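Read the structure below first, then the notes.
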Amino acid sequence: MQYLALLGSDPSREPEPGTPEFAARSEGYVRFGERAAQSLRGGAALEEPATAATIRHGDGAPLVTDGPFAETTEVIGGFYVFETDTLDDAIELARQIPSAGTGWVSLRPLAGWWPYDHERIGQRFLAMAYGKEGASDTPGTPEWEAAGEKHMAFVAGAGDGVLAGAALHPTTMATTVQVRDGEVIVTDGSLGEAADVAACIYLLQAADRDAAVELARGVPTGPESAAEVRPVWERS
């Protein structure tokens, strides 16, 4: 089974770049990546929420605004894609991620994860769909199948602009993992910003944020949904 692990944190508690604490935290993620390499199928860290752009779809043309989908004290700072035999195995991986110790890791089973073999030619961005879930977000329904055709058309039209895509099971199937004082706390459901992430994410590449936003305008979302575009944090 494949799982999307969304990494949540309180930005006010995060170490500042350039500090020893930041370097130690970054090293923690490197060590996790080495330990979990056999189960990892994808992942990336994200730039801070202030770098985001949000595309809201309504009856008229899409409205683009600077900033994240919603103001919240706990935000998504990155993601991994796991492939494990069981949910318990995914939880075991999640508890080892540094953000589980100060924030949370939200696990969502995936209906599919599709990395595309495109050459890296631009800056990477993560586009996340947010909003109220409906029948089109439930695998196996006719509405899901119809939405899937729209997503396939988007991917085909985007060409090498789409590096990967994921279809998520509903938020009702989410599991949150936290570690506090050495104790692993596992709860049903999602916390913070992850509770609003809807049916899909896309890893995009583009020349700059404006080009990424233009590409993400084509992401199929419902009238009550939105797509947030965040730059990927590239290690120097």
Side-chain angles (χ1 to χ4, degrees), residues 1-6 41-44 46 52-64 68-69 76 78-83 106-174 190 193-206 209 211-232:
M1 186 71 182
Q2 292 180 322
Y3 295 88
L4 175 68
L6 294 170
R41 298 295 178 264
L46 303 179
T54 299
I55 306 163
R56 289 177 169 81
H57 296 268
D59 295 333
L63 174 65
V64 179
F69 169 73
I76 295 170
F79 77 98
Y80 289 109
V81 174
F82 300 152
E83 185 163 348
S106 179
L107 293 171
R108 292 272 295 277
L110 292 176
W113 165 249
W114 299 278
Y116 299 100
D117 189 22
H118 296 317
E119 180 184 0
R120 281 277 306 278
I121 56 175
Q123 184 179 358
R124 293 187 298 166
F125 298 82
L126 187 68
M128 295 178 282
Y130 286 84
K132 184 178 180 181
E133 292 179 330
S136 63
D137 302 312
T138 303
T141 64
E143 292 85 353
W144 165 273
E145 299 296 337
E149 293 181 1
K150 294 179 181 179
H151 283 280
M152 287 189 290
F154 165 70
V155 171
D160 58 9
V162 176
L163 293 173
L168 285 61
H169 281 279
T171 53
T172 54
M173 297 180 66
S190 297
E193 189 181 5
D196 292 319
V197 176
C200 69
I201 66 168
Y202 283 103
L203 187 62
L204 309 176
Q205 66 174 349
R209 196 191 75 160
V213 168
E214 186 61 31
L215 180 60
R217 284 174 182 265
V219 174
T221 58
E224 298 184 51
S225 300
E228 179 186 303
V229 179
R230 294 260 299 280
V232 167

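This is a predicted model, so every value here is computed, not measured.
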- Donor-acceptor pair, side chain of R108 and main chain of M173, under 3.5 angstrom: no
Mind listing the side-chain donor-acceptor pairs of residues 143-157 below 3.5 Å, one per line with the distance, residues two or more places apart or on another chain?
| unit_1 | atom_1 | unit_2 | atom_2 | d |
| --- | --- | --- | --- | --- |
| H151 | ND1 | Y202 | OH | 2.7 |

- Message: How close do L204 and A212 get, counting heavy atoms only, and between which atoms?
- Response: CD1-O, 4.2 Å
- Query: Measuring from I55:CD1 to L63:CG, what's the distance to the nearest 0.5 Å?
  - Reply: 10.0 Å
- A111 to H169 - nearest heavy-atom pair and separation: N-CD2, 3.7 Å
- Message: List the residues meeting salt bridge (Lys or Arg N to Asp or Glu O under 4.0 Å) with E214, not counting sequence neighbours, and say none if there are none.
- Response: R217
- Message: Can you confirm whether V229 sits close enough to L215 that some side-chain heavy atom of one is under 4.5 Å from a side-chain heavy atom of the other?
- Response: no
- Message: Taking side-chain hydrogen bond (donor to acceptor under 3.5 Å, both in side chains) as the cut-off, I'd like each qualifying pair that reaches into residues 110-129, sequence neighbours left out, listed once.
- Response: R124-E234
- Any side-chain heavy-atom pair of L203 and V162 under 4.5 Å: no
- Message: The criterion is ring-ring contact (aromatic ring centres under 6.0 Å, His included); which residues satisfy it with F69, sequence neighbours excluded?
- Response: Y130
- What residues form a side chain to side chain donor-acceptor pair (under 3.5 Å) with Q205, not counting sequence neighbours? none
- Task: Would you name the heavy atoms of V219 and C200 that are closest together and state the gap between them?
- Result: CG1-SG, 4.2 Å
- With S225, which residues qualify under side chain to side chain donor-acceptor pair (under 3.5 Å), at least two apart? none
- For the residue pair A52 and R209, what are the closest heavy atoms and their distance? O-NH1, 2.9 Å
- Message: Looking at every heavy atom in both P170 and T138, which two are closest together, and how far apart are they?
- Response: CG-OG1, 4.2 Å
- Item | pair L4-L107: side-chain heavy atoms closer than 4.5 Å | no
- Working to the nearest 0.5 Å, report the span between CG of L110 and CD1 of I201. 7.5 Å
- Item | For R230, side chain to side chain donor-acceptor pair (under 3.5 Å) partners two or more places apart | E228
- Applying side chain to side chain donor-acceptor pair (under 3.5 Å), name anything that partners T54, two or more places apart in sequence or on another chain. none
- Query: Got V197 and T171 here, is their nearest side-chain heavy-atom distance under 4.5 Å?
  - Reply: no
